[in-house]
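The structure appears below as structure tokens.
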There are 2 protein chains.
Amino acid sequence: MEYTAAKEKFINTWGSLGTLWGINKAMAQIHALLFISPTPLSMEDVMEELHISRGNTSMNLRQLIEWGIVYKTSIAGERKEYFTSEKDVQELARTIAKERSRREIQPTLKVLKEVCSIKDDGTEKTKELIKKTKELYDLAETADIMLNKIVNQEQNWLTKTLVKLLK
Amino acid sequence: MEYTAAKEKFINTWGSLGTLWGINKAMAQIHALLFISPTPLSMEDVMEELHISRGNTSMNLRQLIEWGIVYKTSIAGERKEYFTSEKDVQELARTIAKERSRREIQPTLKVLKEVCSIKDDGTEKTKELIKKTKELYDLAETADIMLNKIVNQEQNWLTKTLVKLLK
DNA sequence: CTAAACTTTCAGTAATTACTGAAAGTTTAT
DNA sequence: ATAAACTTTCAGTAATTACTGAAAGTTTAG
């Protein structure tokens, strides 16, 4: 496999993975493209490379910037804006984990807490609801703490130790 | 908040969370309903409770069974089939982690491996593609190993130790 | 200030995904 | 066998989500 094929394969795979996770295809593909590009790309570059419209490119780039994994950069003497992605995979993982926690896990925890604090009226179904939501709450909280802490470590002593420990 | 409201809130939240993760709403809601129900429910029960059609219920129940988090049960003397969800949250997490790894992470790893094994033709863009896909491969592999190992532990010494360690 | 170069917005449309309901299929009791 | 009780399938349709392209907006250079 040579460069162009490999690149397309990577971009497509990343795109479908995104879809599977509720991230739209264009957004994931733009990210993939920038991630492997050694130089910043302009909107035109992205449009051409992925065959998507100007509007689509603009909207998805904005979202990626909001997520904090793509940056605008200026190139001296150029009028156009250029875009680069975060290049450090550790930092990428950290940003994504933080965002997902903030947007999904935290709100869920909030609801679970509310639900499991209802008054116990003594019926079995109420007891079950309280018990199960409490268990889910504990699980989600543990998972969230671990996710964030792991991803925030300097990645050396901890991860490597753990991986060895767990293999 | 009393029982009915709490239950609805839980089912709805679970449903939208599902959507966000690429699981359809009906499927997530059926799971939620069974998860908090102290007794097995029939297809009719589910249809009524969630106001969804017979076909929809049948298809989503089947998917949940395929995922291994919902079971068919028979009730003595009853013609109808009844359904229950896995009630142990640890086991639930374990099953989901295993499935996601199998369906998503493994195929991605495979492609990343292929892409980062292309011949290095010496150009900068090729070097960058190889380097970045290699880094992603390592990250995904580590994440996958940790996810599975953590979720497969007996949940006591390891998780508790880690949570304390990392807090 | 004006015009060129560029970006954003958004109404309309296309593509995708989920849902319904009725017909076909299956199982069980007699 | 057959009929009742139940489940699955799937063509058609509805709902959701993503994309386009052109108009409106913004910035910069002269």
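Given the structure is predicted, the values throughout are model-derived calculations rather than measurements. Naming convention: chains lettered A, B, ... in sequence-line order (proteins, then strands); numbering from 1 in each chain.
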Q. Within a radius of less than 6.0 Å around NZ of B:Lys87, do more than 12 heavy atoms belonging to other residues, nucleotides or ligands occur?
A. yes
(Q) Starting from B:Phe83, can I reach B:Met59 by hopping between I/L/V/M/F/W/Y residues whose side chains sit under 4.5 Å apart? (A) no
Q: Answer yes or no: is there a donor N or O on one side and an acceptor on the other, between the side chain of A:Ser37 and the main chain of A:Pro40, under 3.5 Å?
A: no
Q: Measure the shortest side-chain to side-chain distance between B:Lys131 and B:Glu135 over non-hydrogen atoms and say whether it is less than 4.5 angstrom.
A: yes
Q: Identify, with sequence neighbours excluded, every residue that meets side-chain hydrogen bond (donor to acceptor under 3.5 Å, both in side chains) alongside B:Lys127.
A: B:Asp120
Q. With no hydrogens and no angle check, is any side-chain donor or acceptor of A:Thr126 less than 3.5 Å from a backbone partner on A:Gly122?
A. no
Q.
When you compare the side chain of A:Phe10 with that of B:Ile118, does any pair of heavy atoms fall below 4.5 Å?
A. no
Q) 5' to 3' on DNA chain C, which nucleotides open and close the contacts with chain B (atom under 4.0 Å from a heavy atom)? A) C:dA18 to C:dT28
Q: Would you please enumerate the stems DNA chain D participates in, each stem being three or more consecutive Watson-Crick or G-U wobble pairs with both distances under 3.5 Å?
A: C:1-30 with D:1-30
Q: Using a 4.5 Å cut-off on heavy atoms from C-beta on, say whether the side chain of B:Lys125 contacts that of B:Glu128.
A: no
Q. What pairs with A:Asp88 under side-chain hydrogen bond (donor to acceptor under 3.5 Å, both in side chains), at least two apart in sequence or on another chain?
A. none
Q. For DNA chain D, what residues of residues 14-27 of chain A have any heavy atom nearer than 4.0 Å?
A. A:Asn24, A:Ala26
Could you go through residues 61-76 of chain B and list every donor-acceptor pair under 3.5 Å that involves a side-chain atom there, pairing it with any protein atom two or more places apart or in another chain?
| unit_1 | atom_1 | unit_2 | atom_2 | d |
| --- | --- | --- | --- | --- |
| B:Tyr71 | OH | B:Glu86 | OE1 | 2.3 |
| B:Lys72 | NZ | B:Glu81 | OE1 | 3.3 |
| B:Thr73 | OG1 | B:Tyr82 | O | 3.3 |

**Q.** Rounded distance (nearest 0.5 Å) linking atom CG of B:Leu50 with atom CG of B:Leu41
**A.** 9.5 Å
Quick one: side chains of residues 24-35 of chain B, donor-acceptor pairs under 3.5 Å with protein atoms, not counting sequence neighbours, listed by atom name and distance.
| unit_1 | atom_1 | unit_2 | atom_2 | d |
| --- | --- | --- | --- | --- |
| B:Asn24 | OD1 | B:Ala26 | N | 3.1 |
| B:Asn24 | OD1 | B:Met27 | N | 2.9 |
| B:Asn24 | ND2 | B:Asn60 | OD1 | 3.2 |
| B:Gln29 | NE2 | B:Asn12 | OD1 | 3.3 |
| B:His31 | ND1 | B:Trp14 | NE1 | 3.4 |

Q.
Applying salt bridge (charged side-chain N to carboxylate O under 4.0 Å, His left out), can you list everything that pairs with B:Arg54, at least two apart in sequence or on another chain?
A. B:Glu44
Q: Find which nucleotide of DNA chain C each of A:Phe83 and A:Met59 is nearest to by heavy atoms, and output the residue with the more 5' nucleotide.
A: A:Phe83
Using the 3.5 Å cut-off, write out each protein N or O paired with an N or O of nucleotides 27-30 of chain D and the distance between them.
| unit_1 | atom_1 | unit_2 | atom_2 | d |
| --- | --- | --- | --- | --- |
| D:dT27 | O2 | A:Arg79 | NH2 | 3.2 |
| D:dT28 | O4' | A:Arg79 | NE | 3.4 |
| D:dT28 | O2 | A:Arg79 | NH2 | 3.1 |

Q: Name all residues meeting the side-chain hydrogen bond (donor to acceptor under 3.5 Å, both in side chains) criterion together with B:Glu91; count only those two or more places apart in sequence or in a different chain, and write none if there are none.
A: B:Arg94
(Q) Short of 4.0 Å, heavy atom to strand atom, which residues of residues 34-56 of chain B count as contacting DNA chain D? (A) B:Met43, B:Arg54, B:Gly55
(Q) Run the side-chain hydrogen bond (donor to acceptor under 3.5 Å, both in side chains) test against B:Gln106 and tell me which residues pass, sequence neighbours left out. (A) B:Ser101, B:Asp144
